[in-house]
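To start, the structure under review is shown below, and the notes come after it.
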Number of protein chains: 2
Amino acid sequence: MSADLYLSILKNKGYKLTPKRKAVIELFLQENRILAPRDVYRQLEKQIHPLGFPTVYRILEEFSLAGILIPVLSDERLLSYALCRRPQEHHHHFICHSCQRVEDVDYCGIAGAQETIEKKLGCRIDTHLFQLEGICSDCLKNKR
Amino acid sequence: MSADLYLSILKNKGYKLTPKRKAVIELFLQENRILAPRDVYRQLEKQIHPLGFPTVYRILEEFSLAGILIPVLSDERLLSYALCRRPQEHHHHFICHSCQRVEDVDYCGIAGAQETIEKKLGCRIDTHLFQLEGICSDCLKNKR
DNA sequence: CTTGATGCAAATTGTTTGCACCGAA
DNA sequence: TTCGGTGCAAACAATTTGCATCAAG
(Lines give C-alpha, C1' and ligand atoms only; values in the text may rest on other atoms or scores of the structure.)
Protein backbone atom coordinates (compact mmCIF):
# COMPACT_ATOMS: atom_id res chain seq x y z
CA MET A 1 0.00 0.00 0.00
CA SER A 2 1.47 3.28 -1.04
CA ALA A 3 0.67 6.88 -0.37
CA ASP A 4 -0.45 7.50 -3.95
CA LEU A 5 -4.10 6.79 -3.27
CA TYR A 6 -4.23 9.44 -0.57
CA LEU A 7 -2.24 11.94 -2.58
CA SER A 8 -4.63 11.64 -5.49
CA ILE A 9 -7.60 12.15 -3.17
CA LEU A 10 -6.03 15.30 -1.81
CA LYS A 11 -5.18 16.50 -5.28
CA ASN A 12 -8.74 15.99 -6.46
CA LYS A 13 -10.01 18.05 -3.57
CA GLY A 14 -7.70 20.91 -4.47
CA TYR A 15 -5.10 20.50 -1.75
CA LYS A 16 -1.49 21.19 -2.56
CA LEU A 17 0.81 18.23 -2.22
CA THR A 18 3.48 19.48 0.12
CA PRO A 19 6.34 17.48 1.62
CA LYS A 20 4.74 17.72 5.06
CA ARG A 21 1.41 16.37 3.95
CA LYS A 22 3.16 13.50 2.22
CA ALA A 23 5.19 12.83 5.34
CA VAL A 24 2.05 12.63 7.46
CA ILE A 25 0.55 10.04 5.16
CA GLU A 26 3.80 8.03 5.09
CA LEU A 27 3.93 8.15 8.87
CA PHE A 28 0.43 6.76 9.29
CA LEU A 29 1.18 4.07 6.71
CA GLN A 30 4.34 3.06 8.53
CA GLU A 31 3.03 3.21 12.07
CA ASN A 32 -0.29 1.57 11.31
CA ARG A 33 -1.83 2.74 14.57
CA ILE A 34 -3.77 5.64 15.97
CA LEU A 35 -1.71 8.77 16.46
CA ALA A 36 -2.38 11.90 18.48
CA PRO A 37 -1.17 15.26 17.16
CA ARG A 38 1.79 15.19 19.52
CA ASP A 39 2.78 11.71 18.26
CA VAL A 40 2.75 12.98 14.70
CA TYR A 41 4.77 16.01 15.66
CA ARG A 42 7.39 14.01 17.51
CA GLN A 43 7.92 11.60 14.64
CA LEU A 44 7.95 14.22 11.92
CA GLU A 45 10.32 16.63 13.62
CA LYS A 46 12.98 13.92 13.46
CA GLN A 47 13.14 14.29 9.72
CA ILE A 48 11.56 17.63 8.89
CA HIS A 49 12.72 21.09 9.88
CA PRO A 50 11.29 23.44 10.59
CA LEU A 51 7.96 22.08 11.80
CA GLY A 52 5.31 23.67 13.97
CA PHE A 53 2.46 22.25 15.98
CA PRO A 54 -0.13 24.38 14.19
CA THR A 55 0.90 22.77 10.92
CA VAL A 56 0.36 19.32 12.36
CA TYR A 57 -3.05 20.26 13.71
CA ARG A 58 -4.06 21.82 10.42
CA ILE A 59 -2.96 18.85 8.36
CA LEU A 60 -4.71 16.37 10.62
CA GLU A 61 -7.96 18.28 10.49
CA GLU A 62 -7.78 18.71 6.73
CA PHE A 63 -7.17 15.02 6.24
CA SER A 64 -10.07 14.28 8.51
CA LEU A 65 -12.34 16.47 6.40
CA ALA A 66 -11.00 14.82 3.27
CA GLY A 67 -11.99 11.41 4.65
CA ILE A 68 -8.44 10.16 4.85
CA LEU A 69 -8.21 10.16 8.62
CA ILE A 70 -10.84 9.25 11.19
CA PRO A 71 -10.86 11.02 14.55
CA VAL A 72 -11.03 8.63 17.50
CA LEU A 73 -10.73 8.91 21.26
CA SER A 74 -7.63 7.15 22.53
CA ASP A 75 -7.51 5.14 25.74
CA GLU A 76 -6.16 8.23 27.47
CA ARG A 77 -9.18 10.20 26.26
CA LEU A 78 -7.01 12.09 23.83
CA LEU A 79 -8.08 13.11 20.35
CA SER A 80 -6.25 10.83 17.94
CA TYR A 81 -6.53 9.82 14.31
CA ALA A 82 -6.63 6.55 12.44
CA LEU A 83 -5.67 6.24 8.78
CA CYS A 84 -8.55 5.14 6.64
CA ARG A 85 -7.15 2.26 4.65
CA ARG A 86 -9.69 2.32 1.91
CA PRO A 87 -11.20 5.78 1.91
CA GLN A 88 -13.58 4.94 -0.90
CA GLU A 89 -14.98 1.75 0.53
CA HIS A 90 -17.22 1.47 3.51
CA HIS A 91 -15.52 -0.38 6.35
CA HIS A 92 -14.61 -0.13 10.00
CA HIS A 93 -11.67 -0.56 12.32
CA PHE A 94 -10.24 -2.72 15.02
CA ILE A 95 -7.94 -0.93 17.46
CA CYS A 96 -5.52 -2.89 19.64
CA HIS A 97 -5.52 -1.76 23.25
CA SER A 98 -1.96 -2.92 23.64
CA CYS A 99 -0.11 -1.56 20.60
CA GLN A 100 -2.76 0.84 19.20
CA ARG A 101 -2.54 -0.88 15.83
CA VAL A 102 -5.43 -0.33 13.47
CA GLU A 103 -6.83 -3.11 11.30
CA ASP A 104 -9.59 -3.07 8.76
CA VAL A 105 -12.89 -4.75 9.46
CA ASP A 106 -15.06 -5.46 6.47
CA TYR A 107 -18.06 -6.40 8.53
CA CYS A 108 -20.48 -3.51 8.93
CA GLY A 109 -22.53 -3.42 12.08
CA ILE A 110 -25.43 -1.52 10.63
CA ALA A 111 -25.82 -3.46 7.42
CA GLY A 112 -29.48 -4.01 6.78
CA ALA A 113 -30.64 -2.53 10.06
CA GLN A 114 -30.46 1.15 9.27
CA GLU A 115 -34.01 1.53 8.02
CA THR A 116 -35.42 -0.41 10.93
CA ILE A 117 -33.64 1.81 13.43
CA GLU A 118 -34.61 4.98 11.59
CA LYS A 119 -38.27 4.00 11.67
CA LYS A 120 -38.16 3.06 15.32
CA LEU A 121 -36.52 6.32 16.42
CA GLY A 122 -38.04 8.50 13.75
CA CYS A 123 -34.58 9.82 13.04
CA ARG A 124 -32.32 10.07 10.01
CA ILE A 125 -29.02 8.24 10.34
CA ASP A 126 -26.25 10.02 8.46
CA THR A 127 -23.16 8.25 9.71
CA HIS A 128 -22.20 5.53 12.11
CA LEU A 129 -19.17 4.56 14.04
CA PHE A 130 -18.47 0.87 14.47
CA GLN A 131 -15.22 0.39 16.25
CA LEU A 132 -13.92 -2.85 17.67
CA GLU A 133 -11.34 -2.85 20.42
CA GLY A 134 -9.29 -5.61 21.98
CA ILE A 135 -5.95 -7.32 21.62
CA CYS A 136 -4.49 -7.95 18.17
CA SER A 137 -2.99 -11.25 17.03
CA ASP A 138 0.61 -10.14 17.53
CA CYS A 139 0.02 -8.91 21.05
CA LEU A 140 -1.86 -12.09 21.89
CA LYS A 141 1.14 -14.15 20.75
CA ASN A 142 3.56 -12.01 22.71
CA LYS A 143 1.29 -12.18 25.75
CA ARG A 144 1.61 -8.46 26.08
CA MET B 1 -36.31 7.64 34.82
CA SER B 2 -34.78 8.77 38.07
CA ALA B 3 -31.29 9.05 39.40
CA ASP B 4 -31.76 6.19 41.86
CA LEU B 5 -30.40 3.54 39.52
CA TYR B 6 -27.14 5.40 39.12
CA LEU B 7 -26.85 6.25 42.78
CA SER B 8 -27.23 2.61 43.73
CA ILE B 9 -24.55 1.62 41.25
CA LEU B 10 -22.18 4.17 42.73
CA LYS B 11 -23.05 3.04 46.24
CA ASN B 12 -22.35 -0.58 45.38
CA LYS B 13 -18.95 0.40 44.05
CA GLY B 14 -18.09 2.17 47.28
CA TYR B 15 -18.48 5.74 46.11
CA LYS B 16 -19.91 8.29 48.52
CA LEU B 17 -23.14 9.87 47.41
CA THR B 18 -22.35 13.56 47.54
CA PRO B 19 -24.58 16.44 46.42
CA LYS B 20 -22.26 17.15 43.53
CA ARG B 21 -22.31 13.62 42.19
CA LYS B 22 -26.08 13.60 42.43
CA ALA B 23 -26.24 16.92 40.62
CA VAL B 24 -24.11 15.57 37.76
CA ILE B 25 -26.47 12.65 37.28
CA GLU B 26 -29.52 14.90 37.44
CA LEU B 27 -27.95 17.19 34.88
CA PHE B 28 -27.31 14.41 32.38
CA LEU B 29 -30.84 13.10 32.93
CA GLN B 30 -32.32 16.54 32.30
CA GLU B 31 -30.17 17.52 29.38
CA ASN B 32 -30.30 14.16 27.65
CA ARG B 33 -27.36 14.97 25.42
CA ILE B 34 -23.61 14.67 25.38
CA LEU B 35 -21.84 17.11 27.65
CA ALA B 36 -18.22 18.22 27.79
CA PRO B 37 -16.62 18.97 31.16
CA ARG B 38 -17.06 22.70 30.58
CA ASP B 39 -20.77 22.22 29.87
CA VAL B 40 -21.20 20.34 33.11
CA TYR B 41 -19.27 22.98 35.01
CA ARG B 42 -21.30 25.85 33.56
CA GLN B 43 -24.62 24.25 34.40
CA LEU B 44 -23.66 23.11 37.86
CA GLU B 45 -22.10 26.35 38.99
CA LYS B 46 -25.50 27.99 38.57
CA GLN B 47 -26.83 26.03 41.51
CA ILE B 48 -23.80 24.79 43.43
CA HIS B 49 -21.16 26.84 45.24
CA PRO B 50 -18.34 26.45 45.54
CA LEU B 51 -17.46 24.27 42.58
CA GLY B 52 -14.12 23.63 40.89
CA PHE B 53 -13.16 22.29 37.53
CA PRO B 54 -11.05 19.50 39.03
CA THR B 55 -14.13 18.20 40.80
CA VAL B 56 -16.05 18.07 37.55
CA TYR B 57 -13.23 16.24 35.80
CA ARG B 58 -12.87 13.78 38.65
CA ILE B 59 -16.58 13.02 38.81
CA LEU B 60 -16.83 12.52 35.06
CA GLU B 61 -13.91 10.13 34.99
CA GLU B 62 -15.20 8.19 37.98
CA PHE B 63 -18.60 7.84 36.39
CA SER B 64 -16.96 6.68 33.22
CA LEU B 65 -15.06 3.99 35.10
CA ALA B 66 -18.25 3.01 36.88
CA GLY B 67 -19.95 2.47 33.53
CA ILE B 68 -22.47 5.26 34.04
CA LEU B 69 -21.02 7.60 31.46
CA ILE B 70 -19.53 6.83 28.07
CA PRO B 71 -16.73 9.02 26.70
CA VAL B 72 -17.38 10.21 23.17
CA LEU B 73 -15.79 12.66 20.79
CA SER B 74 -18.08 15.60 20.09
CA ASP B 75 -18.44 17.24 16.69
CA GLU B 76 -15.90 19.82 17.80
CA ARG B 77 -13.45 17.01 18.58
CA LEU B 78 -13.88 17.65 22.28
CA LEU B 79 -13.97 14.94 24.91
CA SER B 80 -17.58 14.65 26.04
CA TYR B 81 -19.73 12.17 27.89
CA ALA B 82 -23.06 10.50 27.27
CA LEU B 83 -25.21 9.13 30.05
CA CYS B 84 -25.65 5.39 29.80
CA ARG B 85 -29.38 4.91 30.07
CA ARG B 86 -29.29 1.29 31.08
CA PRO B 87 -25.85 0.66 32.52
CA GLN B 88 -26.55 -3.01 33.10
CA GLU B 89 -27.85 -3.83 29.67
CA HIS B 90 -25.86 -3.96 26.50
CA HIS B 91 -26.96 -1.28 24.08
CA HIS B 92 -25.71 1.59 21.96
CA HIS B 93 -26.47 5.21 21.21
CA PHE B 94 -27.75 7.56 18.60
CA ILE B 95 -26.39 11.10 18.82
CA CYS B 96 -28.16 13.97 17.08
CA HIS B 97 -25.81 16.23 15.15
CA SER B 98 -28.19 19.13 15.58
CA CYS B 99 -29.17 19.08 19.27
CA GLN B 100 -26.62 16.56 20.63
CA ARG B 101 -29.45 14.50 22.11
CA VAL B 102 -28.64 10.93 22.97
CA GLU B 103 -31.09 8.08 22.36
CA ASP B 104 -30.82 4.42 23.11
CA VAL B 105 -30.40 1.91 20.33
CA ASP B 106 -31.18 -1.67 21.20
CA TYR B 107 -29.75 -3.06 18.00
CA CYS B 108 -26.21 -4.30 18.46
CA GLY B 109 -23.96 -4.12 15.46
CA ILE B 110 -21.70 -6.97 16.43
CA ALA B 111 -24.35 -9.47 17.47
CA GLY B 112 -23.40 -12.87 16.11
CA ALA B 113 -20.39 -11.64 14.16
CA GLN B 114 -17.82 -11.34 16.90
CA GLU B 115 -16.40 -14.84 16.58
CA THR B 116 -16.17 -14.60 12.83
CA ILE B 117 -14.22 -11.37 13.04
CA GLU B 118 -11.96 -12.69 15.79
CA LYS B 119 -11.08 -15.72 13.71
CA LYS B 120 -10.44 -13.67 10.61
CA LEU B 121 -8.13 -11.19 12.35
CA GLY B 122 -6.74 -13.59 14.92
CA CYS B 123 -7.54 -11.03 17.58
CA ARG B 124 -9.54 -10.91 20.77
CA ILE B 125 -12.37 -8.40 20.81
CA ASP B 126 -12.94 -6.98 24.26
CA THR B 127 -15.26 -4.10 23.59
CA HIS B 128 -16.92 -2.38 20.73
CA LEU B 129 -18.31 1.00 19.99
CA PHE B 130 -21.38 1.23 17.83
CA GLN B 131 -22.54 4.76 17.57
CA LEU B 132 -25.13 6.12 15.20
CA GLU B 133 -25.21 9.76 14.25
CA GLY B 134 -27.69 11.85 12.34
CA ILE B 135 -30.72 14.04 12.92
CA CYS B 136 -33.26 13.11 15.58
CA SER B 137 -37.02 13.13 15.05
CA ASP B 138 -37.57 16.48 16.77
CA CYS B 139 -34.91 18.24 14.73
CA LEU B 140 -36.27 16.69 11.54
CA LYS B 141 -39.72 18.09 12.35
CA ASN B 142 -38.32 21.52 13.11
CA LYS B 143 -36.27 21.40 9.93
CA ARG B 144 -33.27 22.46 11.93
C1' DC C 1 2.37 35.13 -10.18
C1' DT C 2 -1.27 33.67 -6.87
C1' DT C 3 -3.03 31.68 -3.36
C1' DG C 4 -2.82 28.27 -0.20
C1' DA C 5 0.66 26.33 3.24
C1' DT C 6 3.71 27.10 7.00
C1' DG C 7 6.57 28.91 11.12
C1' DC C 8 6.59 31.37 14.96
C1' DA C 9 5.10 33.65 19.04
C1' DA C 10 1.61 34.18 21.86
C1' DA C 11 -2.93 33.57 23.50
C1' DT C 12 -6.44 30.61 24.72
C1' DT C 13 -8.47 26.65 26.36
C1' DG C 14 -8.47 22.04 28.36
C1' DT C 15 -6.74 19.07 32.08
C1' DT C 16 -4.05 17.65 36.06
C1' DT C 17 -1.54 18.05 40.51
C1' DG C 18 -0.65 18.95 45.39
C1' DC C 19 -2.28 19.92 49.49
C1' DA C 20 -5.28 21.52 53.16
C1' DC C 21 -9.89 21.20 54.66
C1' DC C 22 -14.55 19.28 54.65
C1' DG C 23 -18.24 16.03 55.23
C1' DA C 24 -20.68 11.32 54.10
C1' DA C 25 -20.78 7.00 56.11
C1' DT D 1 -13.81 9.19 63.55
C1' DT D 2 -12.16 8.08 59.06
C1' DC D 3 -11.21 8.36 54.49
C1' DG D 4 -12.71 9.69 50.42
C1' DG D 5 -14.34 14.13 48.29
C1' DT D 6 -13.57 18.92 47.23
C1' DG D 7 -11.68 23.81 46.55
C1' DC D 8 -8.10 26.40 45.32
C1' DA D 9 -3.94 27.85 43.24
C1' DA D 10 -0.85 26.66 40.23
C1' DA D 11 1.28 23.87 36.88
C1' DC D 12 0.94 21.56 32.74
C1' DA D 13 -0.73 20.18 28.27
C1' DA D 14 -3.56 20.73 24.23
C1' DT D 15 -5.19 23.66 20.69
C1' DT D 16 -5.89 27.95 18.20
C1' DT D 17 -4.91 32.64 16.31
C1' DG D 18 -2.66 36.33 13.74
C1' DC D 19 0.45 37.54 10.77
C1' DA D 20 4.58 37.53 7.95
C1' DT D 21 6.90 34.53 4.76
C1' DC D 22 7.30 30.66 1.64
C1' DA D 23 6.47 27.64 -2.17
C1' DA D 24 3.25 24.43 -5.11
C1' DG D 25 0.74 24.82 -9.08
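Lettering of chains follows the sequences in order, A, B, ..., and the numbering in each one begins at 1.
Taken to the nearest 0.5 Å, the CD atom of Q131(A) stands 8.0 Å off from the CD1 atom of I70(A).
L79(B) places its CG atom 14 Å from the C1' atom of dA13(D), with the value rounded to the nearest Å. Summarising the geometry, the separation between CD on E62(B) and C1' on dT6(D) is reported as 11 Å, rounded to the nearest angstrom. Separating the CG atom of L7(B) from the C1' atom of dA24(C) is a distance of 14 Å, rounded to the nearest angstrom. The nearest whole Å value for the distance from the CZ atom in R38(A) to the C1' atom in dA13(D) is 8 Å. The distance between atom NZ of K13(A) and atom P of dG4(C), rounded to the nearest whole Å, is 17 Å. Per the geometry, NZ belonging to K22(B) stands 15 Å off P belonging to dG23(C), to the nearest Å.
Between P37(B) and R21(A), the residue anchored closer to the 5' end of DNA chain C is R21(A), taking for each the nucleotide with the nearest heavy atom.
Residue pairs meeting the salt bridge (Lys or Arg N to Asp or Glu O under 4.0 Å) criterion with at least one partner in residues 62-83 of chain B, sequence neighbours excluded, are E61(A)-R77(B), R21(B)-E62(B).
With sequence neighbours left out, Q47(A) forms a side chain to side chain contact (heavy atoms under 4.5 Å, CB included) with no residue at all.
With hydrophobic clusters built from ILVMFWY side chains whose heavy atoms lie under 4.5 angstrom apart, Y81(B) does not share a cluster with L78(A).
Rounded to 10 degrees, the angle separating the terminal axes of the helix from dC1(C)-dG25(D) to dA25(C)-dT1(D) is 50°, with each axis obtained from five end pairs.
In this structure, H93(B) and E103(B) have side chains that are not in contact, with every pair of non-hydrogen atoms separated by 4.5 Å or more. Taking the side chain as every heavy atom from C-beta outward, C108(B) and H92(B) approach each other to under 4.5 Å.
Within residues 65-72 of chain B, no residue has any heavy atom closer than 4.0 Å to DNA chain C. Within residues 39-52 of chain A, no residue approaches DNA chain D, by heavy-atom distance under 4.0 Å.
Just one of I68(B), I34(B), L83(B) meets the side chain to side chain contact (heavy atoms under 4.5 Å, CB included) condition when paired with F28(B); it is L83(B).
With respect to D106(A) and R86(A), a salt bridge is recorded, a charged nitrogen being found less than 4.0 Å from a carboxylate O.
For the pair L73(B) and L79(B), the tightest heavy-atom approach, listed with the atom from each and the gap, is CD2-N, 4.4 Å. The two residues E118(A) and I125(A) come nearest to each other via the heavy atoms OE2-N, 2.8 Å. L29(A) and S2(A) make their closest contact through CD1-C, 3.8 Å (heavy atoms, listed as atom of the first residue, atom of the second, distance).
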What string of B, S and - do you get for nucleotides 16-25 of chain D 5' to 3' if you count protein non-hydrogen atoms under 4.0 Å?
-> BBB-----BS
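The closest side-chain donor-acceptor pair between E133(A) and H97(A) falls under 3.5 angstrom.
In this structure, H128(A) and H90(A) have tilted ring planes: the angle between them lies in the 30° to 60° band.
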